[in-house]
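When reading the values below, keep in mind they use all heavy atoms of this one structure, side chains included, and skip hydrogens, waters and symmetry mates. Counting convention: from 1, in listed order, for ligands and their atoms alike.
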Amino acid sequence: MSIYWNERVKNLSPYVPGEQPRDRKFIKLNTNENPYPPSPKVMAAISNTIAAEKAQAPGARLRLYPDPACTELREAIAVRYHVRPEQVFAGNGSDEVLAFAFAAFFNSDTDDSNTALPVLFPDITYSFYPVYANLWDVPFRTIPLAEDFSINIEDYKTACGGMIVPNPNAPTGLALPLNSILAAAEYQKNSNHVLIVDEAYIAFANTPGVESAVPYINDNPNLLTVHTLSKSASLAGLRVGFAIGNKDLIEGLCRIRDSFNSYTLDRLALAGAAAAVSDASYYDNINGKVIATRDRVSAALTARGFNVIPSSANFVFIRFPAKTGAEAFAALREKGILVRHFNKPRIADYLRVSIGTDAEMDSFLEACEEIEGSY
Ligand code: PMP
């Protein structure tokens with residue numbers, strides 16, 4: 001606390017990111033990064049940008065600002081997702097895109113009328129949502145997940161100021177079928193509110209009926225899908241996310257960005273991201289491996305008596321048979337394995353474990369067995 005902080009800063013409860021260890025070498029299964037390297041085309045695109053810079057080629061100048069509209073990246077995304085470039089917004093990680101979306105589409109309590117309806121999201125979900133809501137003074141109401149952590153979309157058909165849901169949800173990994181997402185979009189459309197679907201993990205979903213909502217943005221002018229290159233494109237270090245939706249929603253996001261920081265993506269990130277988006281076959285292959293490893297690890301843990309929530313993401317949400325979440329987290333850390341523990345009601349006994357390589361996950365399974373055995 002400082003006497004120089006204003007009321008806004010005093011009242012914040014910031015998001016706490018997962019640990020990025022700098023000293024000891026851990027098997028790092030705590031922040032849902034992809035265990036495989038990005039496409040070689042990404043490295044080539046970044047190297048070419050640097051080579052062009054060295055050769056002083058036109059257009060590659062680091063002394064010049066990057067393209068604030070991210071034109072080439074948006075065109076690459078448009079081709080990949082069969083949409084138009086004006087239906088795409090790119091930002092510095094999907095966290096930034098989400099922060100802008102909260103600011104652009106959800107009303108705040110400081111409006112003159114002071115009658116903003118609450119935005120809805122699940123009680124157990126991405127813990128950045130309440131942080132953005134508080135930052136922008138957006139009132140919100142959380143809807144409890146069912147006992148099995150599933151979302152009942154009917155619970156969201158109630159007067160509100162909009163809705164946000166990750167699909168698949170985090171940290172549970174459970175996904176909603178497309179028809180539930182479309183039912184929510186329809187409901188929000190009828191009261192002129194926005195539905196944001198955070199599709200950070202959709203590339204890892206292989207459950208029948210679970211699909212991206214992107215093809216439905218033309219029928220639903222209130223539907224914004226949010227995406228990241230951090231997980232499925234192995235580029236958490238590059239910080240690139242994007243949104244796809246009706247062009248008026250995209251324009252709303254641009255208005256917020258250009259009231260904040262017009263150049264959110266640098267030249268190297270723009271080049272690398274466009275190359276990643278254009279190399280679907282490379283990523284289908286590595287993400288297929290992540291899915292196969294996830295399913296193998298889930299089956300192995302279930303067989304050993306762990307409670308494993310069926311995952312459509314690149315992580316599993318698990319409860320040890322005879323350890324509390326805090327005990328299991330500490331014991332794994334002791335063995336050099338870093339996972340994520342949320343000390344929150346309902347989920348304090350669960351751990352979220354990102355899917356690593358097969359070798360990393362074998363070490364994880366071995367550690368789990370040792371920990372349970374020593375109980
Ligand atoms: N949405 C969800 C559901 C997430 O779990 C994450 C990762 N923490 C993000 C968005 C943000 O991803 P990034 O900012 O790296 O694109």
Would you tell me whether N32 and K231 have side-chain atoms, one donor and one acceptor, within less than 3.5 Å of each other?
no

Main chain of V316, side chain of R294: is a donor-acceptor contact present, judged purely on distance under 3.5 Å?
no

Would D198 and Y129 count as having a side-chain donor-acceptor pair, cut-off 3.5 Å?
yes

If you count only heavy atoms, which residues are under 4.0 Å from ligand 1?
G93, S94, D95, L98, Y126, D198, A200, Y201, T228, S230, K231, R239

Does atom CZ of R255 have more than 12 heavy-atom neighbours from other groups under 6.0 Å away?
no

Could you tell me if T225 and E199 have a donor-acceptor pair between their side chains, going purely by distance under 3.5 Å?
no

Rounded at 0.5 Å granularity, tell me how far OG in S234 sits from CG in N287.
6.5 Å

